[in-house]
Peer 1: 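Quick one: the structure is below, and I'll ask about it shortly.
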Amino acid sequence: MQHWLSLLDAEPAELAGLIAAARRLKAGETALAAALHRRILTMVFFNPSLRTRVSFEAAMLRNGGHAVCLDVGGNSWKLEHRDGAVMNGDAAEHIREAAPVLSRYGDALAVRTFAGLRSAREDADDAVIRAFGRFATVPVINMESAMEHPCQGLADWMTVDEKLRGTRGRRFVLSWAPQVKGLPMAVPHSAMLAAAAAGMHVTVAHPPGYELHAAMLDRARSWCAAANTEFAVTHDQHAACRTADVVYVKSWGSAAMYADPAAQTTSFREHAGWMMNVDRLAPRAILMHCLPVRRNVVIADAALDDPRCVVVDQAENRMWVQVAILARLLSTGGKTPARSSS
Ligand code: CP
């Protein structure tokens, strides 16, 4: 594993190995994390974060390493990623220089860069995270990009595995929810892919017009087929949730409305009834969300405060899967930063 950019680059068995490692780490098997000792992770944030930032810092510090945090356009330069760009705008530095320079200082790079939500085709290219992958000389970790949030997907898988004592054959429903503004599809893509890779039956429930990216749907469908599980897309949230073991709630925007925020807001209002509440949860189901969550817009208080809700455990598991990912990268693809000759 050279970089950790996309679940599409991995096989389900490899992901299952990371889940097993994360569970052993959480159970106290510290030797697995030896690869993080005296290593430096440089984190580059184009967008805000609570969990990702602190869980990565904690992962490094708890295991004898160190983390450096850059906020692009805040405590660091704005960065350009386009080949051939005439840099006469806000961006003072190109990723072609920034990525190799940061690779000389630290042992791994982690990048958060959200979707622009201007063009579905542009977002599908995931150009910023791919540019870091091209120009860095140390492993690069996706901390949520335009298309995927693979660390979140693994934490989701680990949480279901813990709570339901296994994932194979469980019924996973990804249930769309309204919002106050358009949001990217990275989390729903990764949650769906992780559920399919984990051997669950997967149903994606959303109103018409909120289709996820075709390549992601295709991969989830093919992983389900390989695992001999069902894959379905439905517009009937109530029916989908009725038999679910896992109800994973997430808001995302409609690609057809990227250019029309007013239409998107109206559509969210029209679908306010998709807000998750306890009436839709089976007695033994668990309720998941990646956080942050807008209470009483995305999920009602009663559901978030219900014992079936596991969002805090889910957030904790980000740290354990990230130690597993870092350990894998730093012990296999990881290397001492390249040095120039004097
Ligand atoms: N789930 C998640 O990535 O949270 P943050 O945006 O707070 O990092």
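We count ligands from 1, going down the list as the structure has it; atoms in each ligand are counted the same way. Throughout, numbering of the chain's residues begins at 1 and tracks the sequence.
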Peer 1: Where the side chain of Ser251 meets the backbone of Ala177, is there a donor-acceptor pair that is under 3.5 Å apart?
Peer 2: yes
Peer 1: Examine Leu5 and Phe135 and state if one hydrophobic cluster contains both, with Ile, Leu, Val, Met, Phe, Trp and Tyr joined whenever side-chain heavy atoms are less than 4.5 Å apart.
Peer 2: yes
Peer 1: Is there any N or O on Cys290 that sits under 3.5 Å from an N or O of ligand 1?
Peer 2: yes
Peer 1: Would you kindly specify which portion of Arg112 sits under 4.0 Å from ligand 1, judged on non-hydrogen atoms: side chain, backbone, both or neither?
Peer 2: side chain
Peer 1: Quick one: does ligand 1 sit under 4.0 Å from the side chain of Leu291, the backbone, both or neither, non-hydrogen atoms only?
Peer 2: backbone
Peer 1: Decide whether an N or O pair under 3.5 Å exists between Pro48 and ligand 1.
Peer 2: no
Peer 1: Within a distance under 4.0 Å of any heavy atom of His149, pick out the atoms of ligand 1 and give their elements.
Peer 2: 2 (C), 3 (O)
Peer 1: Among Ile, Leu, Val, Met, Phe, Trp and Tyr joined by side-chain contacts under 4.5 Å, find the other residues sharing a cluster with Val68 and list them by chain and number.
Peer 2: Ile40
Peer 1: Do Arg221 and Trp223 meet the cation-pi criteria used here (NZ or CZ under 6.0 Å from the six-membered ring centre, within 45° of the axis)?
Peer 2: no
Peer 1: Could you tell me whether Glu144 and ligand 1 have an N or O pair separated by under 3.5 Å?
Peer 2: no
Peer 1: Give the atom numbers and elements of ligand 1 that come within less than 4.0 Å of a heavy atom of Leu50.
Peer 2: 5 (P), 7 (O), 8 (O)
Peer 1: How about His3 and Leu329: do any of their side-chain heavy atoms sit closer than 4.5 Å?
Peer 2: no
Peer 1: Looking only at non-hydrogen atoms, which of Arg51, Arg53, Arg318 approaches atom 4 (O) of ligand 1 most closely?
Peer 2: Arg51
Peer 1: Answer yes if the side chains of Asp260 and Gln264 hold a donor-acceptor pair under 3.5 Å, and no otherwise.
Peer 2: no
